[in-house]
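None of the values given here were measured: they were computed from a predicted structure. Keep in mind that the numbers below use all heavy atoms, side chains included, and drop hydrogens, waters and symmetry copies. Remember, it's 1-based here, ligands and their atoms both numbered in the order they're listed.
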Amino acid sequence: MASTRKFPHHLIREIFEQPDALRHTIEPRVSADAGLVRLDEIHISREELRALRRINIVASGTSRHAGMTGQYMMQELAAVPVDVDYASEFEYRNPMIGRGELSIFITQSGETADTTASQREARQKGSRTIAISNVEGSTIAREADGFIYTHAGPEISIASTKAFTAQMACLFLFALYLGEIKETVSEELAKHYIRELLALPLKTETVLAAAEQVEKLAELYYRVDDFMFLGRAIHYPIAMDGALKLKEVSYIHAEGYPTGEAKHGPNALIDFRLPLVIIATCDRNDAGSVTRYEKNVSNMEGFKKQGATLIALATEGDTTIPQIADHTLFIPHAPELLSPILEIVPLQLFAYYVAAKRGLDVDRPRNLVKAVTLE
Ligand code: BG6
């Protein structure tokens with residue numbers, strides 16, 4: 001899709017390059033028949049990985065949102081406790097980490113100073129380290145015990161999109177790899193997830209094919225000055241990144257919040273003047289997802305009573321959400337742990353179209369740089 005089209009900005013081209021970025025990141029590392037994940041650059045023994053007591057994920061900005069989804073993936077598939085830190089905060093909490101632990105540093109550029117500094121501290125404390133980066137040979141990768149490159153191709157636009165979805169794919173691959181080593185994932189489940197991973201690029205093309213619907217939505221809302229994005233569980237990091245994308249490129253104040261936390265404060269803000277973007281997808285094969293979905297429906301009904309305008313992300317075929325929300329954007333069905341990779345795409349498109357309609361420099365937002373190489 002992306003290779004032939006002409007795009008007015010790097011950002012929209014990179015959003016449309018995501019299916020290929022996912023293909024190049026996933027396909028070389030999985031064998032669907034054998035149900036195996038192969039990560040050749042992880043130079044840490046299977047025994048050491050099997051014995052891991054804890055995993056720390058450290059990153060900045062959008063990369064940290066990927067790390068937040070990785071926490072759900074690894075705890076669910078590999079039954080290992082995972083902490084997630086802002087790289088800029090990591091050093092201040094005197095991280096009690098050391099031998100028998102793994103620290104994963106996620107950085108598109110591989111050069112973010114907060115992140116490389118955190119990696120050095122983790123190594124000094126005896127932790128093994130893995131880098132997930134989009135730049136081969138970057139500082140973060142050179143100083144790691146192992147690395148998993150995202151093969152997203154150069155990401156020019158300051159706001160990160162294709163690197164982000166590729167990072168989430170890498171985190172899932174690692175969670176599956178670890179689950180196979182620890183035997184917390186059966187061969188049958190591994191084969192199922194690998195088939196679902198391989199189906200993601202095409203599903204992403206489906207979401208991109210509905211870009212025009214998102215552009216129409218942006219036409220309605222590009223003059224608004226405040227937004228709130230809500231997501232529950234593994235969808236909360238996507239709400240965070242949807243809000244960050246809008247902030248970064250359109251300079252609109254936008255907050256990402258856990259859906260269940262709205263009643264502890266933010267509800268006071270919610271009325272007709274504050275549009276809500278809520279992630280209300282559902283994996284009907286996952287009982288936990290269904291339970292959370294039912295809570296989301298109830299929350300949405302409450303927000304509507306408060307006069308809120310609701311923009312919802314729902315799973316294709318859902319007939320309940322469109323009856324409550326003012327606008328519904330549909331996502332193809334995917335397993336709960338993989339749906340975040342699809343859900344962020346309409347939110348990236350929304351941020352892009354709003355910023356473009358506000359006449360802003362979408363690739364080089366004011367005050368921002370692609371890699372913050374000073375702490
Ligand atoms: C910011 C970028 O400067 O750094 C963000 O504008 C990015 O897009 C963040 O998410 C972290 O960058 P990196 O390279 O460490 O992933």
Side-chain angles (χ1 to χ4, degrees), residues 9-15 17-18 21 25 56-70 84-91 103-122 129-144 147-171 229 237-252 254 256 340-341 344-345 347-349 351-352 355 360-375:
H9 302 104
H10 291 297
L11 181 53
I12 188 67
R13 176 176 51 74
E14 288 162 359
I15 290 171
E17 284 176 343
Q18 291 183 109
T25 299
N56 306 284
I57 298 177
V58 185
S60 305
T62 291
S63 296
R64 178 181 157 270
H65 297 153
M68 289 168 73
T69 68
V84 182
D85 273 286
Y86 286 102
S88 59
E89 286 291 315
F90 184 67
E91 60 186 304
S103 299
I104 300 178
F105 298 89
I106 308 169
T107 163
Q108 188 283 133
S109 62
E111 304 300 338
T112 295
D114 289 329
T115 311
T116 54
S118 300
Q119 179 185 43
R120 289 183 190 119
E121 172 154 11
T129 69
I130 284 177
I132 295 179
S133 181
N134 198 39
V135 179
E136 301 205 7
S138 56
T139 301
I140 204 78
R142 287 200 314 273
E143 300 185 7
F147 44 84
I148 310 173
Y149 286 126
T150 48
H151 297 308
E155 189 175 68
I156 313 299
S157 189
I158 283 185
S160 183
T161 52
K162 61 177 183 172
F164 177 56
T165 43
Q167 285 167 349
M168 288 192 279
C170 285
L171 287 158
F229 289 70
I238 300 307
M240 291 290 289
D241 207 63
L244 180 59
K245 286 288 136 329
L246 194 62
K247 271 199 282 266
E248 282 179 311
V249 298
S250 68
Y251 314 155
I252 289 174
I341 294 173
I344 190 61
V345 178
L347 305 186
Q348 295 166 343
L349 288 167
Y352 168 73
L360 299 171
D361 184 345
V362 295
D363 287 325
R364 289 177 301 281
R366 65 185 179 193
N367 313 329
L368 300 182
V369 293
K370 187 58 182 169
V372 179
T373 54
L374 299 170
E375 277 194 72

Decide yes or no on side chain to side chain donor-acceptor pair (under 3.5 Å) for Glu14 and Gln348, but give the supporting numbers first.
CA-CA 10 Å; Glu14 288 162 359; Gln348 295 166 343; over 6 Å; no
Could you go through the side chain to side chain donor-acceptor pair (under 3.5 Å) check for Asp114 and Ser60 one step at a time?
CA-CA 8 Å; Asp114 289 329; Ser60 305; 4.7 Å; no
State whether the side chain of Ser133 and the backbone N or O of Thr107 hold a donor-acceptor pair below 3.5 Å, judged by distance alone.
yes
Main-chain N/O of Ile158 paired with Asp363 side-chain donor or acceptor, under 3.5 Å:
no
Do Lys162 and Glu155 sit within salt-bridge range, that is, some charged N less than 4.0 Å from a carboxylate O?
no
Whether Gln167 side chain and Ile132 backbone form a donor-acceptor pair below 3.5 Å
no
Enumerate the protein residues lying less than 4.0 Å from ligand 1, judged by heavy-atom distances, in chain and residue-number order.
Ser60, Gly61, Thr62, Ser63, Thr107, Gln108, Ser109, Thr112, Ile158, Ser160, Glu248, Val369, Lys370, Val372
